[in-house]
Amino acid sequence: ASQIKTIIAKRPTLNTVSYVDIPFECDAEELHRAIQQGQLINYYQPQVDVRTGEVLGVEALARWLHPEHGLIAPERFVPLAEECGLIGELTVIVLAQALELMQSWHEDDVRLTMAVNVSMESLTSLAFPDWLQEVADDFGVPLPGLVLEVTESRLVKDRLAALDILTRLRIKGVVLSIDDFGTGHSSLAQLRDTPFNELKIDRGFVHDAHADPSLRAIFEASVNMARQLGIRTVAEGVETVEDWTFLRTTACDVAQGYYIAEPMPLTALVAWMEKWQSNRLSLMESSQP
Ligand code: C2E
Ligand code: MG
Ligand code: MG
Ligand code: MG
């Protein structure tokens with residue numbers, strides 16, 4: 001834990017929001033160095049209660065602040081990390097920053113959830129749940145405030161081990177969420193045989209669902225299914241006021257998307273929360289379905 005703290009202490013403070021779009025070849029060694037040098041920083045995107053508009057928590061999203069190239073989106077380095085065995089290290093560094101922020105909330109008596117992304121193929125060590133518990137204890141953070149958003153891929157070698165790890169995490173009070181539900185490898189089978197307690201519906205079924213009967217049907221069926229399973233639903237990709245107003249006609253619990261806020265560096269989060277809180281009631285009033 002102290003080694004992780006040394007790494008995250010190296011992070012620069014950051015206000016920039018522009019991304020590199022130049023073609024950029026990154027290799028495993030460079031990514032490994034970047035992780036060790038604290039170039040991986042978390043952005044945070046708020047999640048709000050569909051019924052009240054209250055902020056419930058945030059999702060941590062990794063960014064690579066490259067000294068020459070600028071800000072690099074995770075789609076450009078997470079797959080690489082998965083391929084070359086660096087995903088465990090990446091998860092550790094994202095988690096450590098998330099726990100550090102949770103620690104400051106805990107000290108200020110702020111009750112928000114923190115969601116962190118983990119790919120199922122990075123769940124290979126049976127020691128991970130106890131390690132996580134130790135680090136959380138070290139930060140003085142209760143694990144039930146932590147949500148792990150799990151994505152599944154073809155790369156999962158030992159599915160039974162991953163399920164064992166998820167079960168151990170669940171027992172410790174960690175909330176387990178199926179990310180990108182409805183796409184790729186997130187499937188109904190996961191709901192049947194895994195201990196998930198949150199369903200995060202992919203933005204492909206959220207944005208513009210109000211205008212498309214088939215998207216709408218899939219979205220509403222997913223929400224109803226989750227209800228019957230007794231698990232909460234989060235809609236990602238709430239991009240427009242129409243998306244938001246539609247959501248408020250459904251039984252979906254939580255909303256996340258550009259309409260509410262884009263992912264932002266920690267330095268911007270507190271100001272955003274204050275602004276959102278002061279506009280919340282009039283926003284809820286004006287967007288009534
Ligand atoms: P995700 O977990 O599904 O995260 C949501 C992505 O959708 C984020 O992209 C976010 O910026 C974007 N998004 C949010 N609201 C909207 C919206 O209203 N419209 C649209 N079009 N997009 C929206 P981001 O940050 O680029 O992350 C992309 C993916 O990279 C994530 O998808 C996640 O799968 C992966 N990722 C990010 N950080 C990590 C990490 O620390 N570990 C792992 N394993 N994967 C990560
Ligand atoms: Mg996610
Ligand atoms: Mg997602
Ligand atoms: Mg995604």
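Both ligands and their constituent atoms are indexed starting at 1 by order of listing.
- Glu59 has its closest N, O or S atom to the Mg ion (ligand 2) at the position named OE2.
- In this structure, the side chains of Leu247 and Tyr259 stay at 4.5 Å or more apart for every pair of heavy atoms.
- For Val78, every heavy-atom contact with ligand 1 shorter than 4.0 Å involves the side chain, none the backbone.
- Of the inter-residue distances, the one linking Asn117 atom CG with Thr91 atom OG1 reads 9.0 Å to the nearest 0.5 angstrom.
- Considering both main-chain and side-chain atoms, Glu82 never comes within under 3.5 Å of ligand 1 through any nitrogen or oxygen pair.
- Of the possible donor and acceptor atoms, none in the side chain of Asn197 sits under 3.5 Å from a partner among the backbone N and O of Ile231.
- For the residue pair Ser222 and Leu199, the shortest heavy atom distance occurs at O-CD2, 3.8 Å.
- Contacts of His207 with ligand 1, taken as heavy-atom pairs under 4.0 Å, are absent altogether.
- Between Trp64 and His66, the two ring planes are tilted [angle within 30° to 60°].
- At a threshold of 2.8 Å, the Mg ion (ligand 2) has a backbone or side-chain N, O or S atom of Asn117 nearer than that distance.
- Taking only non-hydrogen atoms, the option from Gln97, Glu149, Gln45, Lys200 nearest to atom 10 (C) of ligand 1 is Gln45.
- For the pair Asn117 and ligand 1, the shortest N or O to N or O distance falls below 3.5 Å.
- Against a heavy-atom cut-off of under 4.0 Å, Glu236 is close to the following atoms of ligand 1: 3 (O).
- Near Pro74, meaning under 4.0 Å from one of its heavy atoms, ligand 1 places the atoms 24 (P), 25 (O), 26 (O), 27 (O), 28 (C), 30 (O), 36 (N), 37 (C).
- Between Met102 and Leu146, the shortest heavy-atom distance links the atoms CE-N, 3.7 Å.
- At a heavy-atom cutoff of 4.0 Å, ligand 1 is contacted by the side chain of Arg63 but not by its backbone.
- Remark: the Gln228 side chain and the Asn224 side chain contain no N/O donor-acceptor pair separated by less than 3.5 Å.
- Residues Met284 and Gly53 come closest through the heavy atom pair CE-N, 3.5 Å.
- For the Mg ion (ligand 3), the N/O/S atoms of Glu236 include one lying under 2.8 Å.
- Residue contacts with ligand 1, taken as heavy atom pairs separated by less than 4.0 Å, involve Ala62 via backbone and side-chain atoms alike.
- Listed by number with element, the atoms of ligand 1 under 4.0 angstrom from any heavy atom of Gly257 are 15 (N), 18 (O).
- The nearest N/O/S atom of Asp180 to the Mg ion (ligand 3) is OD1.
- Close approach of ligand 1 to Ser119 (heavy-atom distance below 4.0 Å) involves ligand atoms 44 (N).
- In the hydrophobic clustering of ILVMFWY residues, with side-chain heavy atoms under 4.5 Å counting as a link, Leu56 and Trp105 come out apart.
- If you check each of Ile260, Asp179, Val116 against atom 1 (P) of ligand 1, the one with the closest non-hydrogen atom is Asp179.
- Within Asp179, OD2 is the N, O or S atom that lies nearest to the Mg ion (ligand 2).
- A donor-acceptor contact under 3.5 angstrom links the side chains of Gln256 and Gln47, judged on distance only.
- Ion pairing between a basic and an acidic side chain is recognised when a charged N comes within 4.0 Å of a carboxylate O; Arg168 and Asp164 show such pairing.
- At a 3.5 angstrom cut-off on N or O pairs, Thr151 does not count as close to ligand 1.
- Proximity to Val238 (heavy-atom distance under 4.0 Å) selects the following atoms of ligand 1: 18 (O).
- The shortest heavy-atom distance from Glu59 to ligand 1 is under 4.0 Å.
- Minimum interatomic distance between Phe77 and Leu40 (heavy atoms only, all atoms of both residues): CE1-CD2, 4.1 Å.
- Taking each heavy atom of Ala261 and Pro46 in turn, the nearest pair found is CB-CD, 3.6 Å.
- Residue Asp180 has at least one heavy-atom neighbour below 4.0 Å for each of these atoms of ligand 1: 3 (O).
- The distance from ligand 1 to the heavy atoms of Val94 drops below 4.0 Å at these ligand atoms: 41 (O).
- For the pair Val94 and Ala62, the tightest heavy-atom approach, listed with the atom from each and the gap, is CG2-CB, 3.9 Å.
- Of the heavy atoms in Thr91, none comes closer than 4.0 Å to ligand 1.
- Proximity to Leu90 (heavy-atom distance under 4.0 Å) selects the following atoms of ligand 1: 40 (C), 41 (O), 42 (N).
- Between Gln256 and ligand 1, no pair of N/O atoms sits closer than 3.5 Å.
- Residue-level check: among N/O/S atoms of Glu149, OE1 sits closest to the Mg ion (ligand 2).
- Of the inter-residue distances, the one linking Ile165 atom CD1 with Met120 atom CE reads 9.0 Å to the nearest 0.5 angstrom.
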